[in-house]
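Numbers restart at 1 for each chain; the letters A, B, ... are given by sequence-line order, proteins then strands.
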Amino acid sequence: MKKYSILAIYRTTTFALLASAIGIFANPHSALGESPADSTSKLPTPGPQPAIKAPVPDVVKLSNGIELWHLELSHVPLISLNISLPSGSMDDPKGKSGLAALTAAMLDEGTEGYDALKISDTFDLLGATFSVSADKETSGANLQVLTRNLNKALKLMSSIILKPSLKEDDWARLKPLWINSLKNSQVNPNLIARQINYRIVYGDDHPYAHPTSGYISTVNSLTLDDVRGFYSTHWASNGVKIISSGAISTSELQTKLEANFGKWRSNPQLKRADAPAYPSNTQAPKIVVHNIPGSVQTVVRISAPGIARKHEDYEGLNLANVIFGGSFTSRLQQNLRVKHGYTYGAGSNFTRMRGVGVFLSAAQVETKYTAKSIIEFRREFQTIANGKVTEAESGKAIASIRSSMMKSLQSLGGTSSLIASLAEADLPPTHLQAELDKYSQIEKDTSIIGKAASAWINWDKASIFLVGDLEAIKKTIAAEDDLKLGEIVEVDNEGNVIN
Amino acid sequence: MRVDSYRTSLWVLVIGLMVTTTSCVFNEKQQITFEAYELENGLKVILHEDHRLPLVTTNIWYYVGAKDEEEGLSGFAHLFEHLMFRGTKDVPHGTFDRLIEGSGGSNNATTSPDRTNYFEIGPSNLLESFLFLEADRMANVGADMNQEKLDAEREVVRNERRQRSEMTPYGDAFTKIWPNMYPKGHPYHHPVIGSHEDLERATVDDVKAFFNKFYLPNNACLVVAGDFDPGQAKGWIQKYFGHLKPGPLPNRIPIPELQTLGDKIVTLEDKVNLAQTQIIYHSPKFYTEGDADLDIASFLLSNGKSSHLYKSLVYEKKIAQSVSATQWSSYLGSIYVIQARAVPGVSLETLEAEIDKVVQDFKSKIPDQESIERARNQIEVMFWHELESLSGRADLLNRYQFHLGNPNGIVEDRERYMQVTPMSVKEYVNKYLTQDNRLIIRVLPKAKTPPPIPSS
């Protein structure tokens with residue numbers, strides 16, 4: 001077994017559907033015969049859609065309050081287990097961007113009786129993969145392991161999380177590696193775009209603004225004491241959720257976790273931060289460019305406020321997204337790729353957050369078509385905002401969301417991330433079913449999709465971020481009289497305004 | 001026994017392992033249950049049932065890849081793969097995707113040097129639609145090709161090339177591997193994505209000729225996996241594929257001898273901050289002697305922090321930002337790539353010398369048994385991950401049929417890793433990782449760009 005897909009190239013890389021929805025294939029829907037183009041009588045008509053059931057994970061508590069969310073699945077002899085704590089880079093102190101991420105990275109550098117090499121060897125021998133990382137809202141450790149080796153793996157995992165060495169020589173090795181990794185990614189137009197986008201959209205002071213991996217300057221100023229401080233404040237058991245799936249019963253897993261994590265201390269002083277709000281009065285400029293002279297393509301990212309998972313429009317908007325840019329037959333993909341050939345792929349998605357994430361539309365387009373692509377994005381924003389979606393589109397969206405859930409359930413990783421989407425958003429374990437009911441409701445009144453689209457997909461609130469050849473981009477914009485975007489704000493590769 | 005899967009003419013019905021546990025579609029030895037047969041026109045069929053979820057997938061491998069392209073038409077097999085979605089008279093452009101996605105399915109395709117695969121996955125009521133659509137394009141894409149379709153898709157593919165190569169740091173270096181490793185006229189002389197120049201050159205006649213030559217039922221293998229009734233599936237397969245006409249199996253491009261590379265060095269500049277070196281060796285064909293041993297060697301060299309290369313270059317000497325040793329195995333021959341990025345201030349010459357030192361040391365000793373156990377356990381888990389999804393299983397069945405002439409190749413595949421010993425690892429790294437026959441591709445940061453990194 002080897003990974004050799006590097007040699008194979010794909011037809012398309014569409015934006016993944018949000019694997020957050022589930023439904024029953026209750027009402028057969030078929031797009032057949034709805035378009036005059038499909039006039040052939042040879043096409044088979046699919047039979048009734050198969051029924052599906054939403055899984056409900058078990059939720060139990062360890063003696064120190066840690067919640068375990070588990071779904072037993074026995075098709076492979078593996079277990080996927082995430083320890084998730086609700087502190088992330090949104091908790092980085094001012095001027096210390098990157099602290100949550102570097103703290104996580106320091107954890108598996110050593111624990112009692114184990115240095116980094118021995119930790120790595122031990123997990124390898126157990127047939128395990130183990131990692132510790134942080135993102136904007138959470139930090140956590142991920143373990144995938146052969147069920148037969150779970151005990152040994154949990155013991156080491158617990159030691160790493162509860163008793164990390166956090167030693168000077170490991171820090172002296174890790175920090176320059178981290179900085180070089182930032183230097184390495186700062187030449188990748190796509191990574192630059194992804195990293196800076198938040199800062200442009202949310203504004204400098206918002207907890208989501210800075211990249212989780214930090215800036216070179218802020219990482220440079222971090223010390224091992226900062227890491228120790230962040231660890232002792234945030235790596236405590238309060239609010240921790242363990243999310244898992246795999247070949248073990250809930251009660252057996254609970255016993256093993258109690259033995260390994262039941263004594264994890266809590267930090268009474270720690271008040272976990274609330275999910276931050278979307279900036280209420282977005283001052284983001286309409287168009288921002290990072291200049292890469294000679295770039296043959298422009299990375300286009302158009303951001304608008306999204307909505308929180310718990311918002312009542314969430315499901316409707318999720319469906320609108322499938323129609324807008326979340327499938328190959330979506331309007332964006334059909335327009336920018338299939339009709340115009342400006343790009344290899346255009347799409348849209350929601351960044352799922354506890355708070356309000358970004359509703360992102362994106363494509364990487366040939367430089368000379370930069371302005372024309374923006375015009376097509378605008379056209380699609382304005383068209384969907386009129387609230388009209390066809391029956392074929394709404395049927396597709398509902399069927400897609402439902403089957404994306406089924407596809408997620410194929411693997412333990414996919415299953416765990418479905419469960420995490422509930423647990424981390426403080427939703428009840430039965431919520432997959434509730435969401436499923438909501439999709440069935442929408443199926444009876446698909447106008448909800450159009451209404452959500454016109455309420456939330458708004459060109460006037462969107463800001464455009466481009467990474468590409470500034471002079472060439474300016475020329476394409478100047479050639480389009482109709483495109484009035486105002487003054488271009490130029491930023492460097494960390495998002496600092498430079499003109 | 002190894003069967004050349006191109007020329008397998010006798011293909012008897014094979015019933016795969018039947019397992020007793022109803023919920024289990026493969027056993028602890030990871031054997032996948034399947035049933036295999038062949039239509040009269042030579043189309044191979046493999047069925048794999050799994051009713052855990054109401055999903056079904058179809059997966060077709062056509063035995064044609066970038067290796068089968070004519071000179072001057074690099075990238076054509078992949079461009080052709082895109083054109084398979086541009087519609088036919090019965091299924092006009094757009095209908096294929098609309099039909100599948102409209103009912104909750106999805107599809108994609110990939111092209112490698114060796115083969116092209118097309119796959120669909122979705123709710124289990126879509127199986128008949130999947131089969132109809134795949135059969136329709138296997139029959140009609142060539143006849144219904146026109147200039148407009150070709151031109152439109154060519155733009156998409158050229159943007160794909162820009163995105164993969166020109167816009168991705170170190171992307172150009174990747175495309176330089178093939179022309180430098182393989183002599184002119186060799187099937188692997190060019191990268192799958194091809195060149196803009198060659199993509200521009202492709203004509204409608206080229207598309208039709210390629211279709212007629214390679215897209216034959218007797219040059220393909222169809223896997224159906226998931227929640228379906230086998231009797232019904234067989235009926236549909238016969239109905240939609242049974243009438244397609246077979247053709248003469250294509251002659252393959254003759255393979256010129258590999259030339260000794262010497263210690264060949266190619267140097268490029270790119271918009272990067274860290275210099276990169278790739279040291280590339282020829283290695284054995286996929287699934288042939290030494291292939292598994294070199295895979296294990298990759299684990300020992302660069303998987304995990306205590307691996308030889310990582311520990312020496314990154315952990316101890318701190319001269320590399322990253323290092324990996326990987327074998328990219330293919331049907332006609334493989335390459336073994338050691339890739340490392342230098343920490344700023346360290347020259348590639350220094351980095352390469354240190355890599356050589358580690359590899360020389362590795363070659364001179366017998367690796368310890370436990371390190372091989374670690375690699376084997378990691379490989380076992382990789383197998384399980386591949387087996388988790390229907391798509392993974394369908395593709396594995398096709399891969400084994402293609403390479404080993406037997407869908408049940410997982411048994412052989414696992415066994416060959418069990419056979420690897422410390423001595424065999426030593427033997428094959430000494431045989432293939434030789435300094436007098438390799439290519440080095442260096443990528444240096446371009447002098448002027450990127451702009452300085454801000455200090456605030």
Side-chain angles (χ1 to χ4, degrees), chain A residues 1-2 4 6-12 25 30-32 37-38 40 42 44 46-50 52 75-76 78 116-117 120-121 124-125 127 146 180 183-184 186-189 216-217 296-297 327-329 337 341 343-344 364 366 392 395-396 399-400 402-403 406 409-411 492 494 496, chain B residues 52-55 78 82 90 92 95 97-99 101-104 108-113 122-126 128-129 132 152 155-156 159-160 162-163 166-167 169 192-193 271-274 295 304-306 321 328-329 343 374 377-384 388-389 450 453-456:
Chain A
M1 177 60 48
K2 61 183 95 197
Y4 71 120
I6 188 164
L7 298 181
I9 54 183
Y10 281 75
R11 173 201 180 205
T12 177
F25 293 101
S30 161
L32 291 179
D38 301 339
T40 167
K42 290 184 181 175
Q49 296 187 355
I52 62 166
H75 63 297
V76 285
L78 300 175
L117 305 181
S120 167
D121 279 355
D124 278 357
L125 188 62
L146 290 163
N180 285 332
K183 286 181 187 164
N184 191 38
Q186 280 183 342
V187 293
N188 185 324
I216 288 175
S217 55
V296 295
Q297 285 182 326
S327 53
F328 191 84
T329 51
R337 165 172 161 152
T343 180
Y344 174 51
Q364 200 164 315
E366 198 178 344
K396 166 186 82 176
S400 298
R402 286 169 174 166
S403 82
M406 289 296 95
L409 287 171
Q410 291 185 91
S411 68
D492 65 22
E494 289 191 343
N496 302 298
Chain B
R52 184 170 77 89
L53 294 164
L55 288 173
H78 169 246
H82 278 242
D90 286 341
T95 307
D97 289 312
R98 228 174 16 249
L99 221 152
E101 289 195 345
S103 300
N108 212 334
T110 79
T111 306
S112 84
S124 44
N125 63 323
L126 283 185
E128 189 183 5
S129 302
F132 170 85
E155 283 311 301
V156 172
N159 268 314
E160 180 177 354
R162 291 182 187 105
Q163 190 163 325
E166 289 99 301
M167 290 291 285
V192 174
I193 193 72
K271 294 174 188 172
V272 299
N273 279 331
L274 305 185
D295 283 347
K305 287 175 184 162
S306 77
Q321 173 66 16
W328 300 343
S329 296
V343 159
R374 286 200 299 267
N377 288 346
Q378 292 291 306
I379 287 169
E380 183 190 346
V381 172
M382 287 167 76
F383 272 111
W384 283 123
E388 278 193 281
S389 70
I453 292 147
S455 53
S456 65

Reported [atom1]-to-[atom2] distance for the pair [X] and [Y], which is rounded to 0.5 angstrom:
| X | Y | atom1 | atom2 | answer |
| --- | --- | --- | --- | --- |
| B:S389 | A:H75 | OG | NE2 | 9.0 Å |
| A:Q364 | B:Q163 | CD | CD | 4.0 Å |
| B:R98 | A:K396 | CZ | NZ | 10.0 Å |
| B:R374 | A:L125 | CZ | CG | 7.0 Å |
| B:E155 | A:T343 | CD | OG1 | 11.5 Å |

**Asked** What part of A:T329 gets closer than 4.5 Å to chain B, counting heavy atoms only: side chain, backbone, both or neither?
**Response** both

**Item:** Between B:V156, B:D97, B:N159, B:N377, the one whose heavy-atom pairs under 4.5 Å with chain A are most numerous
**Value:** B:N159

**Message:** Using only atom types and a distance under 3.5 Å, with no angle test, would you say the side chain of B:Q378 pairs donor to acceptor with the backbone of A:D124?
**Reply:** yes

**Prompt:** Any sub-3.5 Å donor-acceptor pair from B:E388's side-chain atoms to A:V76's backbone N or O?
**Reply:** no

Got [X] and [Y] here, is their nearest side-chain heavy-atom distance under 4.5 Å?
| X | Y | answer |
| --- | --- | --- |
| A:L146 | B:W384 | yes |
| B:Q321 | A:N184 | no |
| A:E366 | B:R162 | yes |
| B:N125 | A:P50 | yes |
| B:P54 | A:M406 | yes |

**Request:** Indicate the atoms forming the closest heavy-atom contact of A:Q49 with B:S103, along with that distance.
**Result:** NE2-O, 4.4 Å

**Request:** For A:K42 and B:F132, work out which heavy atoms get closest and say how close.
**Result:** O-CE1, 3.5 Å

